[in-house]
Q: 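This is the structure I have questions about; it appears just below.
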Amino acid sequence: MQKAAIESNPEINNGRVMQKSAVNLSCEKSTERIMEQQEIYELLKQVQAGTRTPEQALEDIRMQPDMLVGNYADIDLHRNIRQGMPEVIYGEGKTAEQIAGIIRAMTERDVKNIMATRLSPEKAETVRELLCRQPEKVEEVSRLPEKEGQEEIGSGCAFRQDAGDGSEKCQHTGDTSEKRKNAADGNVKCQNTEDGSENRQISGDSRKDLKPVVFEYDSTSRIGLANPFETKKTGKVVVVAAGTSDLPVAEEAAVTAELYGSRVERVYDVGVAGLHRLLHRLPDIEDAKVIIAVAGMEGALVSVIGGLVACPVIGVPTSVGYGANFGGLAALLSMLNSCASGVSVVNIDNGFGAGVLAARINRQSCGG
């Protein structure tokens with residue numbers, strides 16, 4: 001079987017994005033998402049004209065909104081069509097095995113730029129090792145009925161789950177694998193239903209060559225990226241951080257905005273304790289389409305920037321600070337009470353949310 005190709009760089013990368021891209025100063029509109037929708041439209045026209053059957057079109061566009069992975073994830077496959085970026089994996093609270101399983105399943109559907117946030121270096125390394133190891137099967141369950149003779153990808157039967165001791169049990173009865181029986185065609189059915197017609201069967205030998213996965217990790221933003229694909233960068237988003245301690249949140253915002261198609265410029269360590277540092281960088285931020293201002297402590301930087309620029313400002317309070325900072329609550333309340341106009345605020349340490357919002361504002365301002 002073909003082994004996965006893993007390319008990674010666990011270094012900080014000097015606080016920069018994980019992939020190189022050409023700088024585009026214009027607001028040239030990216031056509032990637034539009035072309036995907038146009039392709040679907042052309043297929044539907046072919047069905048209307050009778051040159052393609054509904055079944056053929058269905059196979060081509062895989063018109064299914066979601067995909068079950070094992071018994072722990074339900075992937076939104078049309079997120080990219082609706083929003084211009086695939087579903088993002090929130091890494092905290094998920095095991096490395098679950099993250100790798102989701103990435104594997106999405107890779108089998110040719111999904112690019114699969115983003116996993118809030119990964120510790122240890123968890124990222126485990127994910128990398130799991131992706132490098134060729135698994136015996138992909139735990140996937142399609143919700144579409146299969147055509148006769150078509151091979152199912154993977155073996156994630158909706159009626160089977162791990163029993164915890166290496167065996168499998170039926171989700172209907174709770175019993176282990178002896179409650180399942182082999183069908184005449186070598187497939188496995190749930191004995192409780194005797195039905196294999198609605199994707200309730202799994203291949204008796206689910207081994208197949210899986211597509212290689214490229215996995216990168218950035219330890220500053222704590223973001224893992226699978227199957228990186230260079231996207232055209234448009235407009236200008238400026239990420240401003242008050243202090244070096246705010247960089248993990250600032251980089252999460254910056255990397256996210258870049259992956260969503262924005263050209264990002266970073267202005268770091270310009271907090272109000274040395275206001276002259278920010279004033280020296282005004283030429284860099286005044287022509288931005290949107291600014292992300294990241295600050296802990298008392299969070300005053302957001303109001304200062306909001307009073308200096310004409311574009312929208314997104315405040316990101318961080319949990320950096322001493323006791324009365326209350327884990328970022330003081331900065332959050334300060335930003336929410338800003339007297340500067342045009343300031344909006346996201347949750348504490350939510351660099352990802354700020355990056356997505358900034359990218360959408362940037363895209364709209366560029367006519368996208």
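Here the structure is a predicted model, which is why all the values come from computation and not from measurement. Side chains are part of it too, since the values below use all heavy atoms of this structure and drop only hydrogens, waters and symmetry mates.
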Q: Quick one: do the Y90 and E92 side chains pair a donor with an acceptor below 3.5 Å?
A: yes
Q: Do N113 and N227 pass the side-chain contact (heavy atoms from CB on, under 4.5 Å) test, and can you show the C-alpha distance, the side-chain angles, and the key distance before you say yes or no?
A: CA-CA 5 Å; N113 286 339; N227 308 324; over 6 Å; no
Q: Looking at K236 and E265, is there a salt bridge between them, counting it only when a charged N and a carboxylate O are closer than 4.0 Å?
A: yes
Q: Quick one: are Q98 and T95 in side-chain contact, heavy atoms under 4.5 Å?
A: yes
Q: Shortest non-hydrogen contact from P317 to G328?
A: CB-O, 4.1 Å
Q: Assess the residue pair V267 and I285 against the criterion (side-chain contact (heavy atoms from CB on, under 4.5 Å)); give the C-alpha distance rounded to whole Å, side-chain angles, the decisive distance to 0.1 Å, and a yes or no.
A: CA-CA 8 Å; V267 177; I285 69 175; 4.0 Å; yes
Q: Less than 4.5 Å apart, side chain to side chain, heavy atoms only: is that true for I314 and I291?
A: no
Q: Side-chain contact test, heavy atoms from C-beta onward, threshold under 4.5 Å: evaluate it for V343 versus M335 and give yes or no.
A: no
Q: Check whether any side-chain heavy atom of M115 lies under 4.5 Å from a side-chain heavy atom of L259, and answer yes or no.
A: yes
Q: Could you check whether K233 and T231, counting side-chain N and O atoms only, form a donor-acceptor pair closer than 3.5 Å?
A: yes
Q: Can you name the closest pair of heavy atoms from C339 and S303 and give their distance?
A: N-OG, 4.3 Å
Q: So do V111 and T107 actually touch side chain to side chain, heavy atoms under 4.5 Å?
A: no
Q: For N347, give me all partners under side-chain hydrogen bond (donor to acceptor under 3.5 Å, both in side chains), at least two apart in sequence or on another chain.
A: none
Q: With a 4.5 Å heavy-atom cut-off, do M106 and I75 have their side chains touching?
A: yes
Q: Identify the two heavy atoms, one from A241 and one from Y268, that lie closest to each other, and give their separation to 0.1 Å.
A: CB-CD2, 3.5 Å
Q: Report the C-alpha separation of V88 and T117 in whole Å, then their side-chain angles, then the decisive distance to 0.1 Å, and conclude whether the side-chain contact (heavy atoms from CB on, under 4.5 Å) test is met.
A: CA-CA 8 Å; V88 176; T117 64; 3.8 Å; yes
Q: side-chain contact (heavy atoms from CB on, under 4.5 Å) for R266 and E251? Distances and angles first, verdict last.
A: CA-CA 9 Å; R266 295 157 170 84; E251 273 301 296; 2.6 Å; yes
Q: Do V240 and I292 have side chains that approach each other closer than 4.5 Å (heavy atoms only, starting at C-beta)?
A: no
Q: Can you list every side chain to side chain donor-acceptor pair (under 3.5 Å) pair that touches residues 311-322, not counting sequence neighbours?
A: D246-T318, S319-D349
Q: Counting C-beta onward and ignoring hydrogens, is there a side-chain heavy-atom pair between T256 and I223 closer than 4.5 Å?
A: yes
